[in-house]
Asks: 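Just dropping this structure here.
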Amino acid sequence: MKIDDIKKICVVGAGNMGHQIATLCALNGFQTSCTDIDQTTLDKAAAFADHYLPGRVAKGKLTEQAAKETRERLTFTPNLAEAAEGADYVIEAAVEVLEIKRRIFADLDDMTPAHAVLATNSSAIVSSKIADATGRPDKVVNLHFFNPALVMKLVEVVQGPHVSQETADLSMALCEKLGKAPVRLNKEVNGFLLNRIFFAIIKEAEWLLEMGVASVEDIDKACVFGAGHPMGPFRLMDLTGIDLAYTMGMEAFRNSGDRSDLPVPSLVKHFVNGEYGQKTGQGWYDYKE
Ligand SMILES: NC(=O)c1ccc[n+]([C@@H]2O[C@H](COP(=O)([O-])OP(=O)(O)OC[C@H]3O[C@@H](n4cnc5c(N)ncnc54)[C@H](O)[C@@H]3O)[C@@H](O)[C@H]2O)c1
């Protein structure tokens with residue numbers, strides 16, 4: 001399959017990442033169907049598009065006609081089979097649970113045309129752990145967007161040993177067509193590329209906090225004003241989700257067996273309290289106001 005053969009994209013999961021990836025695909029000319037098991041999340045995703053597109057028009061970034069056509073290309077449905085029907089490329093952005101992803105991919109394998117590429121946006125699960133749930137492992141690949149997906153240019157395309165050259169090349173080309181700056185990882189590695197670098201920074205920030213060296217606010221301030229980061233590590237975790245930081249820490253520990261990879265006690269406390277960051281109104285910072 002060539003890049004111009006991709007007409008329809010299916011996005012599975014309409015949460016934090018999925019709703020923006022779906023809007024991005026529609027904006028760039030693809031017929032896009034977005035699905036989620038939760039109707040409230042789907043309604044929120046549709047409301048986001050209804051608000052975001054006119055906002056782009058108001059800012060002079062999009063014509064009214066383009067906004068109208070983008071919205072017409074974007075559909076939302078709770079029915080996976082309906083969303084997957086006729087899709088040339090699928091981007092799965094459902095919850096970060098291996099067994100759920102494997103089930104989704106097995107279903108997608110039955111529901112999509114044989115030529116379709118099935119990509120996962122997972123932050124921590126390499127696609128070789130999912131590929132054998134399908135009959136097309138050569139077409140199962142990691143396509144890792146960053147949050148917020150409409151804004152962040154980087155996408156990591158991870159070419160595990162099972163991924164064909166055609167799938168990797170097509171995925172790179174798709175990212176470029178979406179206006180992104182894709183990078184290719186030639187092998188699977190825990191945490192992929194940028195998160196490995198971030199992980200080292202976040203780990204150090206967490207231990208500085210844990211040791212009582214400085215406050216959340218001051219550690220963030222140091223990274224912003226000293227290192228020029230757009231936001232500090234704690235603010236970033238609140239944006240991407242403390243649940244995700246917890247899951248990634250546990251996954252890193254499972255892979256390495258190194259106890260220093262485990263989430264620090266203060267992060268675990270936020271996690272067990274359901275304080276996941278911006279999306280729950282409380283994380284390292286309070287967002288209830
Ligand atoms: N949040 C981030 O910053 C970020 C960045 C890059 C990648 N990711 C990855 O993207 C994926 C989604 O993360 P998120 O932050 O959007 O999570 P989220 O919790 O905001 O959204 C996940 C959505 O998946 C839905 N879902 C659960 N089971 C489903 C199923 N069987 N079929 C369809 N939908 C289902 C949920 O209802 C929920 O709306 C994860 O794999 C995560 O690792 C997240």
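Atoms within a ligand are numbered from 1 in the order they appear, just like the ligands themselves.
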Asks: Which of the atoms of ligand 1 are close to D38, meaning less than 4.0 Å from one of its heavy atoms?
Replies: 37 (O)
Asks: Provide, to 0.1 Å, the distance between atom 11 (C) of ligand 1 and the closest protein heavy atom, together with that atom's residue and name.
Replies: A94 O, 3.3 Å
Asks: For L170 and I3, which heavy atoms make the closest approach, and how far apart are they?
Replies: CD1-N, 3.6 Å
Asks: Is the shortest distance from a heavy atom of A93 to ligand 1 less than 4.0 Å?
Replies: yes
Asks: Could you list which atoms of ligand 1 come closer than 4.0 Å to a heavy atom of I104?
Replies: 30 (C), 31 (N), 32 (N)
Asks: Is the ring pair H19/F48 parallel, tilted or perpendicular, if the boundaries are 30 and 60 degrees?
Replies: perpendicular
Asks: Check whether any side-chain N or O of R259 sits under 3.5 Å from a backbone N or O of L262 as a donor-acceptor pair, and report yes or no.
Replies: no
Asks: Should you measure from each heavy atom of T41, which atoms of ligand 1 turn up under 4.0 Å away?
Replies: 39 (O)
Asks: Could you identify the single nearest non-hydrogen protein atom to atom 28 (N) of ligand 1 and state the distance to 0.1 Å?
Replies: I37 CD1, 3.4 Å
Asks: Tell me, which protein residue and heavy-atom name are nearest atom 8 (N) of ligand 1, and how many Å apart are they?
Replies: S123 OG, 3.1 Å
Asks: Verify, without hydrogens or angle tests, whether K139 (side chain) and T167 (backbone) share a donor-acceptor contact under 3.5 angstrom.
Replies: no
Asks: Please write down residue, atom name and distance for the protein heavy atom closest to atom 16 (O) of ligand 1.
Replies: M17 N, 2.8 Å
Asks: On the ring face of Y285, is R235 found with NZ or CZ under 6.0 Å from the centre and within 45° of the axis?
Replies: yes
Asks: Is there a polar contact, in the sense of an N or O pair closer than 3.5 Å, between K279 and ligand 1?
Replies: no
Asks: Using a strict 4.0 Å cut-off to heavy atoms of V12, name the atoms of ligand 1 that fall inside it.
Replies: 33 (C)
Asks: What protein heavy atom sits nearest atom 9 (C) of ligand 1, and how far off is it?
Replies: N121 O, 3.3 Å
Asks: In ligand 1, which numbered atoms sit nearer than 4.0 Å to a non-hydrogen atom of K101?
Replies: 40 (C), 41 (O)
Asks: Does the side chain of T247 pick up a donor-acceptor pair with the side chain of E96 at under 3.5 Å?
Replies: no
Asks: Considering non-hydrogen atoms of the protein only, which is the closest contact for atom 20 (O) of ligand 1, and what is the distance?
Replies: N16 N, 2.9 Å
Asks: Taking only heavy atoms of G15, which atoms of ligand 1 are found under 4.0 Å from at least one of them?
Replies: 16 (O), 20 (O), 21 (O), 39 (O)
Asks: Looking only at heavy atoms, is any part of L244 under 4.0 Å from ligand 1, and if so is it the side chain, the backbone, or both, or is it neither?
Replies: side chain
Asks: Please list the nearest protein heavy atom to atom 36 (C) of ligand 1 with its residue and the distance rounded to 0.1 Å.
Replies: D36 OD1, 3.5 Å
Asks: Nearest 0.5 Å, please: how far is CD in E156 from CG in N195?
Replies: 6.5 Å
Asks: Under 4.0 Å between a Lys/Arg side-chain N and an Asp/Glu carboxylate O for K68 and E64?
Replies: no
Asks: Is it true that E251 and K129 make a salt bridge, defined as a side-chain N closer than 4.0 Å to a carboxylate O?
Replies: yes
Asks: List ligand 1 atoms under 4.0 Å from H144, heavy atoms only on the residue side.
Replies: 6 (C), 7 (C)
Asks: Flag the pair D238 and K279 as a salt bridge only when some basic side-chain nitrogen lies within less than 4.0 angstrom of an acidic carboxylate oxygen.
Replies: no
Asks: Under a 4.0 Å threshold between the charged nitrogen and the carboxylate oxygen, would K2 count as salt-bridged to D4?
Replies: no
Asks: Under a 4.0 angstrom heavy-atom cut-off, which atoms of ligand 1 come close to F145?
Replies: 5 (C), 6 (C), 7 (C)
Asks: Counting only heavy atoms, which portion of R103 has something under 4.0 Å from ligand 1: side chain, backbone, both, or neither?
Replies: neither
Asks: Indicate the atoms forming the closest heavy-atom contact of A94 with K101, along with that distance.
Replies: O-NZ, 2.9 Å
Asks: Among all protein non-hydrogen atoms, which one is nearest to atom 41 (O) of ligand 1, and what is the separation to 0.1 Å?
Replies: E96 OE1, 2.5 Å
